[in-house]
Amino acid sequence: PSHWAVVVRNRGLAPVLSYRMAAAVATGDDKVKGIQLLQPVKNLKPGQVSRQQIKIFPTILNPTDRVVFYVNEVTTDVAPWKADKDAVTALVKSVAARFPVQ
């Protein structure tokens, strides 16, 4: 399997009650092949850093694919937030198109 890691820092003044990252796999022709959720992280204090690893198995990852990490959901004292899947797919395609596979 292919190992990937993402680092998150709370740059806000308030703690984050929980958040969940996701990894999207974009193909060489700018299509989203799959999305894999990481485990939720709880109680991220202001200034605190969290590092998470994920295994992406070879059955879905080709040499020309790219892995894009994004915030899938966040819960704070103010309000919960969740990413819109259609908007995320459009953004991943857009970014993948700007960075073509060589």
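The basis for the numbers below is simple: all heavy atoms, side chains too, and nothing from hydrogens, waters or symmetry mates. Residue numbers start at 1 and run along the sequence shown.
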Trainee: Using 0.5 Å steps for rounding, measure from the CD1 atom of I35 to the NZ atom of K85.
Mentor: 5.5 Å
Trainee: Does one hydrophobic cluster hold both I56 and L38, with members joined at side-chain heavy-atom distances below 4.5 Å?
Mentor: yes
Trainee: Applying a strict under-4.5 Å side-chain criterion to I, L, V, M, F, W and Y, I'd like to know whether V32 and V88 cluster together.
Mentor: yes
Trainee: How would you list, by chain and number, every residue that makes a salt bridge (Lys or Arg N to Asp or Glu O under 4.0 Å) with K42, sequence neighbours excluded?
Mentor: none
Trainee: With sequence neighbours excluded, tell me which residues meet side-chain hydrogen bond (donor to acceptor under 3.5 Å, both in side chains) with T64.
Mentor: none
Trainee: Show me, pair by pair, the donor-acceptor contacts under 3.5 angstrom made by side chains of residues 7-18, not counting sequence neighbours?
Mentor:
residue: N10; atom: OD1; partner: G12; partner atom: N; Å: 2.9
residue: N10; atom: ND2; partner: A14; partner atom: O; Å: 3.0
residue: N10; atom: ND2; partner: L44; partner atom: O; Å: 2.9
residue: N10; atom: ND2; partner: K45; partner atom: O; Å: 3.4

Trainee: If every non-hydrogen atom of H3 is compared with every non-hydrogen atom of K55, which pair is closest and at what distance?
Mentor: CE1-CE, 3.2 Å
Trainee: If Ile, Leu, Val, Met, Phe, Trp and Tyr residues are connected whenever their side-chain heavy atoms lie under 4.5 Å apart, and connections chain through other members, are V71 and F69 in the same group?
Mentor: yes
Trainee: Among side-chain atoms of Y19 and S50, is any donor-acceptor pair under 3.5 angstrom?
Mentor: yes
Trainee: Return the set of residues passing side chain to side chain contact (heavy atoms under 4.5 Å, CB included) with L91 (not counting sequence neighbours), or none when no residue passes.
Mentor: none
Trainee: What's the shortest heavy-atom distance between A22 and N72, and which atoms?
Mentor: CB-CB, 4.1 Å
Trainee: Could you state the interatomic distance from CD (Q39) to CE (M21), rounded to the nearest 0.5 Å?
Mentor: 14.0 Å
Trainee: Tell me, please, which residues at least two apart from D30 pass side-chain hydrogen bond (donor to acceptor under 3.5 Å, both in side chains).
Mentor: R66
Trainee: Taking atom NZ of K82 as the centre, report whether more than 12 heavy atoms of other residues, nucleotides or ligands fall under 6.0 Å from it.
Mentor: yes
Trainee: What I'd like to find out is whether the side chain of V41 reaches to under 4.5 Å of the side chain of R20, using heavy atoms alone.
Mentor: no
Trainee: Are the side chains of N62 and K33 in touch, meaning some heavy atoms are under 4.5 Å apart?
Mentor: yes
Trainee: W4: what forms a side-chain hydrogen bond (donor to acceptor under 3.5 Å, both in side chains) with it, not counting sequence neighbours?
Mentor: S2
